[in-house]
Protein chains: 2
Amino acid sequence: MEKKFQAIYDLLAKEIQTEKIKAGQLLPSENELTERFTTSRETVRKALQLLSQNGYIQKLQGKGSVVLEQDKLPLPVSGLTSFKELSRSMSQKVETIVTSLSCKNAHGLIQQVLQCEEGTPVWELHRLRKLDNEAVIYDKDFLLNELAPGLTEEIAGDSIYDYLEKELGLSISYAKKEVVVEEAQAEDKAIMDLGSYQQLVVVRSAVYLEDTTLFQYTESKHRPDKFRFVDFARRTK
Amino acid sequence: MEKKFQAIYDLLAKEIQTEKIKAGQLLPSENELTERFTTSRETVRKALQLLSQNGYIQKLQGKGSVVLEQDKLPLPVSGLTSFKELSRSMSQKVETIVTSLSCKNAHGLIQQVLQCEEGTPVWELHRLRKLDNEAVIYDKDFLLNELAPGLTEEIAGDSIYDYLEKELGLSISYAKKEVVVEEAQAEDKAIMDLGSYQQLVVVRSAVYLEDTTLFQYTESKHRPDKFRFVDFARRTK
DNA sequence: TAGCATAACTTGTATATACAAGTTATGCAA
DNA sequence: TTGCATAACTTGTATATACAAGTTATGCTA
């Protein structure tokens, strides 16, 4: 049985996403929700806490919980809209090409980034992402073989995470990311459709499981005009 | 009086930051903490929830709360270290120059991004950030005059947020951000030390107060080699 | 009518209790 | 000694209660 507060969160999140409850409106009060779901107020509050954390609502003491507008960053100052087109185009043609998948024994850099023993078998996976037939994203993944022994090109072409979570029962817990801009290497220029772009946005991320083991290290290179990162952040200090 | 769970959070966060409790170690159990702070377990759990959210600890059912390493993204793959130098250099010479501060009546784009009435008085603030005597960051801020009527160049040269929170009692609650790469404009080239860089990392952010009013809109342009964005994210789906 | 105290809401904090679920150490039994 | 059930921990979920603090509507009073 799914946890109660999670179920309430899922339900309310869906109602907000589908605009059954629209931005600017108030959610039912905590007491009303408590009755509706025949639960306790604390449980409702846990669900609301999640909604707040993920940018769905803002809680106002004495008033209630207002639904926030989704994403909606006010218009960009310049007339540039290329990145908006990109975000809209998530539904457009996206193609993933596995350019290499091999299992190596960790050494030097790989061993360092995965923080594992020398010689530990690790997958090295290279994927090229094409948006509208242009190769604009190039991903290099390193992951512990031990945790995903049955990795194949087919799986790699899909979502690795689905495979991990649904097939292997592993659960990703948290990640650390870094975004920088670097010169395109010869390899990048050879394999990507870079045109005259000389620099790439590089996203390096370390992905951890629930037990804090570092599971995956990824370096994702993006052609600058096709890169967009959106973030919602609350303040805790 | 400060809230209890907040106080516990602050104390534990400090202990982790100063490495009184080191990465890899376990925090005292919830029951022990409950005793130490003469409080209830739920209150301790609220504090731990905050620590978890902010990447200080990972909770393991049945075991305890392990302290995570701070930031520590495994080594970058390439030999490039310029951005690391930058992050280290936060203590190096940083200089802020207010290049313009004026109060205008909102119209067109400004009115649009601040989502206010036509004609509402708004501050327009331009600041140039110099790192080691190089002008590498250029910020344009728009903020509602109504909420910060006493803004001056001196304050703007400092931290605006300190002024807002400590002087005006306003509290920033959340922000939406977008990171993209765009061509440097003529103005950017004129005012920044760009060298041969033709593109800039642009961070656009909308800052909201607790009552969900959009208070500030910022466009921050960074010379690519001096830009670095680090993120810790937990998974909620 | 206008103003104002107050009642009736809302969310925020703090506490107590019970049991479920996962991990580790204990100690008995073969 | 080894193996295994179990006890004694740990965190996770759910519930109930009390009062504080902020907002809004009510309705009385001048």
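Worth saying up front: this structure is predicted, and the values here are computed from it rather than measured.
For the pair B/E178 and A/R228, the tightest heavy-atom approach, listed with the atom from each and the gap, is OE2-NH2, 2.6 Å.
Base pairing analysis places C/dT24 opposite D/dA7; the two distances defining the Watson-Crick or G-U wobble pair are each below 3.5 Å. As the counterpart of D/dA30, C/dT1 is assigned, both hydrogen-bonding distances of the Watson-Crick or G-U wobble pattern falling under 3.5 Å.
In this structure B/E118 satisfies the side-chain contact (heavy atoms from CB on, under 4.5 Å) test together with B/H107, B/Q111, sequence neighbours excluded. Residues forming a side-chain hydrogen bond (donor to acceptor under 3.5 Å, both in side chains) with B/K46 (at least two apart in sequence, or on another chain): none. In this structure B/F215 satisfies the ring pair (Phe, Tyr, Trp, His ring centres under 6.0 Å) test with no other residue, sequence neighbours excluded.
Between B/Y174 and B/Y208, the ring planes lie parallel to each other; the angle is under 30°, not in the 30° to 60° tilted range.
Going from atom CZ of A/F37 over to atom C1' of D/dT15 covers 17 Å, rounded to whole Å. In this structure, CD of B/E210 is placed 20 Å from P of C/dT10, rounded to the nearest angstrom. Atom NZ of A/K46 is separated from atom P of C/dA14 by 16 Å (rounded to the nearest Å). Whole-Å rounding puts the B/L27 CG to D/dT11 C1' distance at 13 Å. Atom C1' of nucleotide D/dG12 and atom OH of A/Y9 are separated by 19 Å, given to the nearest angstrom. One interatomic measurement links the two molecules: CD of A/Q6 to C1' of D/dA14, which rounds to 15 Å at whole-angstrom precision. Residue A/F5 contributes atom CZ, which lies 17 Å from atom P of D/dT11 at whole-angstrom precision. At whole-Å resolution of the value, CG in A/L26 and C1' in D/dA25 are 15 Å apart.
The phosphate of C/dC9 has neither OP1 nor OP2 within less than 4.0 Å of any side-chain N or O from A/S29. Neither OP1 nor OP2 of D/dC9 sits under 4.0 Å from any side-chain N or O of B/N31. The side chain of B/K3 contributes no N or O atom lying less than 4.0 Å from OP1 or OP2 of C/dA14. Contact between the side-chain N/O atoms of B/K4 and the OP1/OP2 oxygens of C/dA14 is not found at any separation under 4.0 Å.
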Less than 3.5 Å apart, which donor and acceptor atoms pair up between the side chains of residues 60-68 of chain B and the rest of the protein, not counting sequence neighbours?
none

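When distances are taken from the side chain of A/R45 to each of D/dT13, C/dT13, D/dT11, the shortest belongs to C/dT13.
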- Task: Any chance you could list the contact pattern along nucleotides 16-22 of chain D? Use B for base contacts, S for sugar-phosphate-only contacts and - for none, protein heavy atoms under 4.0 Å, 5' to 3'.
- Result: B-B--BB

Are any protein N/O atoms closer than 3.5 Å to N/O atoms in nucleotides 5-8 of chain D? If there are, list each pair with its distance.
none

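Side chains of A/S173 and B/Q58: a donor on one and an acceptor on the other come within 3.5 Å. Residues B/T34 and B/R41 have side chains that never bring a donor and an acceptor to within less than 3.5 angstrom of each other.
For the pairing with B/R127, the side-chain hydrogen bond (donor to acceptor under 3.5 Å, both in side chains) check across B/D139, B/D141, B/T218 returns one residue only, B/D141.
Residue-level contact check: B/L60 touches the backbone only, with heavy atoms under 4.0 Å from sugar-phosphate atoms and none from bases.
Enclosure of atom CD in A/E35 is not indicated, since only 12 or fewer non-hydrogen atoms of other residues, nucleotides or ligands lie within 6.0 angstrom.
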